[in-house]
Q: 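Handing you a structure now.
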There are 2 protein chains.
Amino acid sequence: MGQTNPPFMSGVPELLLLRLLEQREMYGYELVKAIKIVTGESISLGEGVIYPVLHSLERGGALKAKRKKVAGRTRVYYSLNAKGKTRLSRLQDEWLRIQSGVTAALGGTADA
Amino acid sequence: MGQTNPPFMSGVPELLLLRLLEQREMYGYELVKAIKIVTGESISLGEGVIYPVLHSLERGGALKAKRKKVAGRTRVYYSLNAKGKTRLSRLQDEWLRIQSGVTAALGGTADA
DNA sequence: AACGATACCTTGAACAAAAAGGTATGTCAA
DNA sequence: TTGACATACCTTTTTGTTCAAGGTATCGTT
């Protein structure tokens, strides 16, 4: 009985992060802004969400962190490695599964 | 500072329950099976999820409970009341919002 | 010097979800 | 008649995400 499933629908923040980092390396503060933009303002995640997820993904070996000094400020750039790609792929599948399930449930008997 | 936002993506189980109960009254055990069916097997929620949600919705005044004896067994039928409809509507909007956000994020640069 | 934006971070609390168990009745086959 | 399985209710415990709220420090601009 070792493994427990993740709390149903969590992992959306994680999914978004991984998806963005798949395209190019980015740093935390940048990701906060980017998520607002790519989701068309419909999702907004604070730094209190982003940083912990970033750290936990790095600890888990899904991300590689690289410190850079830019204009006097320190940025921590993250990029996907193999494990991260696998994880992205899994989360994406899971999201698709949930999405289709909910859509099916909402669609039945449209009542219109 | 009174109000805190709901834990991002939760409420999917609740949404599914409310959606089903909008169509007809049902009892807990029935809902467990029904969810598997209407979601095309993509979502499966155990009794340990269903019952607590049902109870909390009833406590919150979103559901009305009615005990019935059928074939020697006791069933608790739940139905939506006004508050429940409002809540369903709100959860549905929220789901749509999240869904469109994630879809937008996943869609960008399809990489195909 | 003060302010806002950048950029990192942590702590605390809240709460949902999952797993696992526990009770009891009915039905059916061996 | 005993055992197994489906029905039908329920709770407790654990886990983990997410959130708000704070805290540090640098830079540019006014």
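A note on names: the letters A, B, ... follow the listed sequences, proteins ahead of strands, and every chain is numbered from 1.
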Q: Taking the nucleotide of DNA chain C with the closest heavy atom to each, which residue, P52(A) or V70(A), is nearer the 5' end?
A: V70(A)
Q: How many whole angstroms separate atom NZ of K66(A) from atom P of dC8(C)?
A: 14 Å
Q: Applying a 4.0 Å non-hydrogen cut-off, can you work out what G46(A) is touching in the nucleic acid: base, sugar-phosphate, or nothing?
A: nothing
Q: How many Å lie between CG on L54(A) and P on dC8(C), as a whole number?
A: 9 Å
Q: Separation of E14(A) atom CD from dG16(D) atom P, in whole Å?
A: 13 Å
Q: Mind calculating the distance between CD1 (I50(A)) and P (dC19(D)) to the nearest angstrom?
A: 9 Å
Q: Roughly how many Å is it from CG in L57(B) to P in dA17(C), rounded to a whole number?
A: 11 Å
Q: The test is side chain to side chain contact (heavy atoms under 4.5 Å, CB included); show your working for Q92(A) and E22(A) and say whether it passes.
A: CA-CA 12 Å; Q92(A) 205 162 341; E22(A) 186 197 21; 5.7 Å; no
Q: Can you measure from CG (L21(A)) to CG (L54(A)) and round to the nearest 0.5 angstrom?
A: 6.5 Å
Q: Quickly work out the E47(B) CD to dA18(C) C1' distance and round it to whole Å.
A: 13 Å
Q: Using heavy-atom distances to pick each residue's nearest nucleotide on DNA chain D, tell me which of T74(B) and V53(A) is more 5'.
A: T74(B)
Q: With salt bridge (charged side-chain N to carboxylate O under 4.0 Å, His left out) as the criterion, how do R87(A) and E14(A) come out once you've worked through the C-alpha distance, each side chain's angles and the decisive distance to 0.1 Å?
A: CA-CA 10 Å; R87(A) 184 149 184 77; E14(A) 202 185 312; 2.4 Å; yes
Q: Any heavy-atom pair between the side chains of I35(B) and I50(B) that's under 4.5 Å?
A: yes
Q: In whole Å, I'd like the distance from the CZ atom of R67(B) to the P atom of dA8(D).
A: 13 Å
Q: Are the side chains of V32(A) and L45(A) in touch, meaning some heavy atoms are under 4.5 Å apart?
A: no
Q: When you check the phosphate oxygens OP1 and OP2 of dT7(D), does a side-chain N or O of Y29(B) lie under 4.0 Å from one of them?
A: yes
Q: Looking only at side-chain atoms of R73(B), point me to the closest of dC27(D), dT7(D), dA17(C).
A: dT7(D)
Q: Can you tell me if H55(B) touches the phosphate of dT11(D), counting only side-chain N or O atoms and a distance under 4.0 Å to OP1 or OP2?
A: yes
Q: For the side chain of R75(A), counting heavy atoms from C-beta on, which of dC8(C), dA17(C), dT11(D) is nearest?
A: dC8(C)
Q: Calculate the interatomic distance between L45(B) atom CG and dA18(C) atom C1'; express it in whole Å.
A: 10 Å
Q: Counting just side-chain N and O atoms, does K33(A) come under 4.0 Å of either OP1 or OP2 of dT6(C)?
A: yes
Q: May I ask you to evaluate whether Y27(A) reaches the phosphate of dA7(C), defined as a side-chain N or O under 4.0 Å from OP1 or OP2?
A: yes
Q: Are any of Y51(B)'s side-chain N or O atoms less than 4.0 Å away from OP1 or OP2 of dC10(D)?
A: no
